[in-house]
Amino acid sequence: MSQASSSFSPADQLAEARWITVSDDLPAGVRPAYDFRTVFDVTGAASEAWITVTAHGIYEVFVNGERVGDEELTPGFTSYARTLYVQQYDVADLLRDGGNELRIRVSDGWYRGRCGYSRFADSFGTQIAVIASLAFVDGSGSRSVVTDGSWQVAVGEVTRADLMDGQTTDFTRIGAERWEPVGISTDPLTRDRSRFRVSSAPPVRRCERYEPVSITRLPGGRQIVDFGQNISGWVRLSRLGPWGTRLTITHGEALDDSGDLTTDHLRALVGPEMTPLNAGQVDHVISRGAPGDMFEPRHTTHGFRYAAVDGLDEDLRSGDITAIQVRTDLNHIGDFECGDEEVNALHRIAVASWRANSCAVPTDCPQRERSGYTGDIQIFAHTAAFLDDVDMFLRSWLTSLADDQLSDGRVTNVAPNCGNDPNGDPEDVIHGAGGWGDAATVVPWELYRAYGDVDALRECYPMMKRWVEFQERAAAGARHPERIAARPVPAPHERYIWDTGWQWGEWLEPDMVFDPAVVGFWEQGIVATAYFARSAGILARSAHVLGMADDERRFSTLAEHVRQAWRAEFMHDDGTLTRDTQASYVRALRFGLISEDLRPAAAARLARLVEDNDGRLATGFLSTGMLLPTLVDYGYVDLAYRLLLGHGEPGWMVMLDRGATTVWENWHGLNEHGHPTDSLNHYSKGAVITFLHEYVAGLKATTPGYRSLTIRPYVYPPFGHAKATLDSPHGRLESGWRIDGDTVIIEVRIPEGIDATVILPNGEEHRTEAGSHAWSCAL
């Protein structure tokens with residue numbers, strides 16, 4: 001069975017089919033999956049058979065009891081009101097002469113399940129539905145079976161299914177369904193078939209598998225299974241016990257002092273009372289004692305390293321339970337390795353975090369929120385594009401970002417924009433923050449930089465432009481109350497200072513105290529205006545690529561005005577800043593906000609701030625990934641390596657010291673006592689590994705799509721060797737070095753059609769042709 005190419009027309013294939021549904025009034029979190037079914041005859045062997053299907057919810061298709069395809073969580077996660085993906089599968093091998101059954105199982109999924117940090121349900125609708133068409137050729141000619149009022153519906157063995165809360169499977173119900181007539185959906189959304197699309201992104205599949213590294217039975221009978229790796233997905237369990245055994249499987253990332261599973265750090269705090277919600281991630285199984293039954297909950301996902309199994313008298317063995325990572329099946333293209341095992345481990349946990357959070361959309365974490373947060377992927381897009389071919393994956397997500405852009409040009413904090421209070425304002429005030437909304441410009445630009453993908457820029461340009469125009473209006477139209485108090489009459493440059501509206505700021509700097517009453521007004525101007533300048537500059541460069549000369553001139557001018565305003569408002573004459581933090585200097589230097597003559601002084605101040613902090617970083621979400629490259633660019637190579645390798649908190653190596661297998665959301669994700677805080681699987685701080693690719697190994701593109709590059713490794717002799725590899729659009733690139741006595745040997749491999757310059761540690765420059773090359777120089 002295979003999925004069809006993206007060339008078929010879903011609207012044409014489904015023209016005769018109707019959306020079918022079932023009425024229920026169950027609350028979210030306890031709703032079942034519904035099985036929709038029809039039977040039909042086939043004459044002889046089917047020479048050709050294709051099923052075309054999509055749903056409001058997530059679906060599985062079964063033909064004569066056999067599951068169709070190997071894709072998971074279909075039809076995927078989109079802004080359903082504007083984009084709905086349709087899949088098509090070849091099922092000729094599953095049809096048989098005579099009677100056949102077609103069954104489609106549908107659960108709430110993202111469409112109406114509990115979503116996001118707040119666990120609100122019904123984000124896109126209140127009624128699941130499915131539409132499908134099976135077209136086949138048999139001995140009687142060309143025929144079709146479509147969803148219509150003749151189908152039946154029942155609750156099968158999946159009696160509860162929610163992506164956040166978990167799944168319940170009652171194997172004793174198999175074959176005992178009570179079939180009833182389906183309903184025809186009256187949801188107004190089902191009338192709009194113009195939103196049907198065929199996705200070019202890789203599908204979600206079951207990818208890596210992890211066997212237990214230990215299984216421990218606690219005194220109360222609970223069994224704790226440690227898979228040794230924090231992942232996103234589910235467990236596959238084959239030891240279910242005798243008939244009637246009721247098992248509970250709870251998933252989490254950490255153990256408490258007694259060795260039991262804890263999920264307290266995953267309980268979101270909501271409302272003015274900051275009420276903790278349930279952590280979810282709990283599956284239930286009822287056994288029928290039949291050999292061969294396998295529990296695998298394909299209508300939910302979990303973020304976990306540990307599974308706690310309750311209710312099983314028998315001891316679990318390694319072959320009984322497996323953890324399955326469920327993620328977008330991306331093509332892995334880039335890698336790094338060096339002679340320092342701690343650095344290699346840091347690279348591994350950053351990659352593991354990214355892979356666990358690339359499930360249908362780029363999520364922030366796979367357990368507590370699972371949302372497509374704009375800030376996270378804005379930070380990590382450049383790194384992700386080196387590790388994996390994310391072009392079509394992120395273009396699919398950018399479609400949702402554009403679909404959800406608000407009427408005034410603001411970009412939502414998450415895309416698709418789910419998990420909102422259904423009784424609240426869909427254009428809530430918290431959307432449109434600097435550094436988060438800028439994903440609208442940064443992510444398309446990073447795809448262009450990585451792959452030379454002009455199509456991504458062209459598709460996204462209207463969204464990019466509307467975002468920058470919103471920033472422009474927001475800056476010109478309002479002033480922060482504190483600025484008004486300090487300067488009642490605005491200075492001319494203030495029309496380009498953006499310091500109003502909701503702003504997350506640098507977010508999660510070490511020792512930051514989160515106060516929900518004031519966070520929206522925290523350090524707004526210096527961060528938001530910096531991103532305003534950056535996005536305006538990206539938009540101008542994008543207009544140049546697309547041949548839009550008028551826009552290029554307009555937004556180049558705007559970007560320069562914003563830079564000058566930023567300097568006037570936030571920079572002193574000596575290059576120091578009004579907010580004297582590491583993050584402020586990193587961002588200012590990286591974005592070119594400080595005038596060239598003052599950049600050395602600003603970089604010296606950044607270095608001094610690091611030294612004064614006992615050689616430790618003090619950056620948060622937005623600037624951490626840019627810290628080490630900025631230090632190296634301004635000559636502080638040794639300091640950058642000290643920061644990378646430091647074992648003091650906060651820092652990356654502390655995560656390894658405390659057993660992390662993925663990157664933490666907070667710098668103190670596990671404190672010195674092993675107590676967890678927030679998510680232990682957030683990839684944004686893992687953007688540091690770009691430093692390994694581009695500075696340690698030295699592999700850096702200088703034009704889009706790696707048509708030209710500069711290889712300049714900053715050799716760190718204690719590593720012994722380092723190497724980065726990348727399967728670029730033009731072929732395999734390799735850049736590395738190794739120490740041989742008092743000599744460093746630089747080795748590169750360049751494919752045809754690449755213009756490469758190699759800069760040795762002694763400053764020598766070499767233009768290279770295609771092929772493998774090596775140079776040596778004294779350390």
Side-chain angles (χ1 to χ4, degrees), residues 22 24 26-37 55 57-62 65-74 101 103-109 113-114 128 130 153-179 204 206 209 222-223 225 232-252 278 280-304 307-314 316 319-326:
V22 59
D24 67 14
L26 296 170
V30 300
R31 296 166 181 157
Y34 290 95
D35 287 5
F36 296 86
R37 137 185 216 275
I58 59 174
Y59 74 82
E60 296 178 275
V61 178
F62 300 86
E66 295 289 328
R67 187 171 186 261
V68 172
D70 62 355
E71 300 183 12
E72 305 296 342
L73 308 179
T74 48
E101 181 196 60
R103 188 180 296 206
I104 306 175
R105 177 168 295 162
V106 185
S107 64
D108 285 2
R114 285 152 61 89
I128 64 165
V130 63
V153 63
V155 175
E157 67 266 29
V158 180
T159 59
R160 179 185 65 105
D162 186 88
L163 281 173
M164 301 292 284
D165 289 346
Q167 178 172 321
T168 298
T169 300
D170 183 351
F171 285 99
T172 67
R173 292 178 57 88
I174 293 176
E177 301 90 345
R178 296 177 59 183
W179 296 102
V204 172
R206 289 166 286 181
R209 287 157 172 75
R222 165 175 278 191
Q223 298 185 65
V225 185
S232 172
W234 53 62
V235 299
R236 179 185 293 160
L237 181 63
S238 59
R239 186 177 292 271
L240 305 180
W243 190 97
T245 300
R246 295 173 178 265
L247 305 181
T248 299
I249 309 168
T250 309
H251 305 75
N278 289 331
Q281 304 210 125
V282 179
D283 296 334
H284 300 283
V285 192
I286 301 172
S287 173
R288 62 174 179 170
D293 277 354
M294 180 85 69
F295 173 69
E296 187 170 355
R298 294 190 294 261
H299 289 256
T300 189
T301 62
H302 311 300
F304 67 102
V309 181
D310 291 295
L312 187 64
D313 293 335
E314 307 162 63
L316 285 168
D320 298 330
I321 188 168
T322 303
I324 311 294
Q325 177 127 280
V326 180

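For clarity, every value in this text was computed on a predicted model and none was experimentally measured. Values below: every heavy atom of this structure, side chains too, minus hydrogens, waters and symmetry copies. Index from 1, following the sequence.
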Peer 1: Drop me the distance from Asp293's CG to Arg288's CZ, to the nearest 0.5 angstrom.
Peer 2: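 Taking CG in Asp293 and CZ in Arg288, the distance rounds to 4.0 Å.
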
Peer 1: Given 3.5 Å as the limit, does a donor-acceptor pair link the side chain of Asp162 with the main chain of Met164, or not?
Peer 2: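 A pair under 3.5 Å: yes.
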
Peer 1: More than 12 foreign heavy atoms under 6.0 Å from CZ of Arg236: is that the case here?
Peer 2: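 Atom CZ in Arg236 is crowded, with more than 12 foreign heavy atoms closer than 6.0 Å.
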
Peer 1: Taking only residues two or more places apart in sequence, or in another chain, which ones meet Thr300 in a side chain to side chain donor-acceptor pair (under 3.5 Å)?
Peer 2: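 So Thr300 forms no side chain to side chain donor-acceptor pair (under 3.5 Å) with any residue.
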
Peer 1: If you look at every heavy atom in Ser107 and Ala33, which pair is closest and at what distance?
Peer 2: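 So the minimum-distance heavy-atom pair works out to CB-CB, 3.9 Å.
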
Peer 1: Which atom pair, heavy atoms only, marks the closest approach of Ile104 to Tyr59?
Peer 2: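 Shortest heavy-atom separation between Ile104 and Tyr59 comes out as CG2-CB, 4.1 Å.
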
Peer 1: Can you tell me how far CZ of Arg206 sits from CD of Gln325, rounded to the nearest 0.5 angstrom?
Peer 2: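 Between atom CD of Gln325 and atom CZ of Arg206 there are 13.5 Å.
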
Peer 1: Which distance, rounded to the nearest 0.5 Å, do you find between the CD of Gln223 and the CD1 of Ile321?
Peer 2: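 Between atom CD of Gln223 and atom CD1 of Ile321 there are 8.5 Å.
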
Peer 1: Return the set of residues passing ring pair (Phe, Tyr, Trp, His ring centres under 6.0 Å) with His302 (not counting sequence neighbours), or none when no residue passes.
Peer 2: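 If we apply the ring pair (Phe, Tyr, Trp, His ring centres under 6.0 Å) test to His302, skipping adjacent residues, the hits are His251.
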
Peer 1: With sequence neighbours left out, write down each residue that passes side-chain contact (heavy atoms from CB on, under 4.5 Å) with Pro242, or none if nothing qualifies.
Peer 2: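 Pro242 satisfies side-chain contact (heavy atoms from CB on, under 4.5 Å) with Thr245, Glu314 only.
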
Peer 1: With sequence neighbours excluded, what pairs up with Asp35 under the side chain to side chain donor-acceptor pair (under 3.5 Å) test?
Peer 2: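 Applying side chain to side chain donor-acceptor pair (under 3.5 Å) to Asp35 gives Arg103, Arg105.
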
Peer 1: List in chain and number order the residues that pass side chain to side chain donor-acceptor pair (under 3.5 Å) with Glu60, two or more places apart in sequence or in another chain; answer none if no residue qualifies.
Peer 2: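 Checked Glu60 against side chain to side chain donor-acceptor pair (under 3.5 Å); matches are Arg67, Arg298, His299.
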
Peer 1: Starting at CZ of Phe171, measure out to CE of Met294 and round the result to the nearest 0.5 Å.
Peer 2: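 Phe171 atom CZ to Met294 atom CE measures 9.0 Å (nearest 0.5 Å).
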
Peer 1: Take Glu177 and Arg37 through the test salt bridge (charged side-chain N to carboxylate O under 4.0 Å, His left out) and record every step on the way to the result.
Peer 2: CA-CA 11 Å; Glu177 301 90 345; Arg37 137 185 216 275; over 6 Å; no

Peer 1: Checking Gln281 side chain against Gly303 main chain: does a donor-acceptor pair fall under 3.5 Å?
Peer 2: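 Confirmed, Gln281 side chain pairs with Gly303 backbone.
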
Peer 1: Which residues pass the side chain to side chain donor-acceptor pair (under 3.5 Å) test with Arg31, not counting sequence neighbours?
Peer 2: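 By the side chain to side chain donor-acceptor pair (under 3.5 Å) rule, Arg31 matches Asp108, Asp122.
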
Peer 1: Quick one, Val285 and Asp283 - any side-chain contact, counting heavy atoms below 4.5 Å?
Peer 2: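 No; the side chains remain at least 4.5 Å from each other.
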
Peer 1: Counting N and O atoms only, with roles assigned by atom type, does the side chain of Thr159 sit under 3.5 Å from a partner on the main chain of Pro32, one being a donor and the other an acceptor?
Peer 2: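 Checked: no pair found.
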
Peer 1: Can you tell me how far the CD1 atom of Ile286 sits from the CH2 atom of Trp243, to the nearest 0.5 Å?
Peer 2: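 If we round to the nearest 0.5 Å, Ile286:CD1 and Trp243:CH2 are 9.0 Å apart.
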
Peer 1: Could you state the interatomic distance from CG (Leu240) to CG (Leu312), rounded to the nearest 0.5 Å?
Peer 2: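 Reported value, rounded in 0.5 Å steps: 8.0 Å.
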
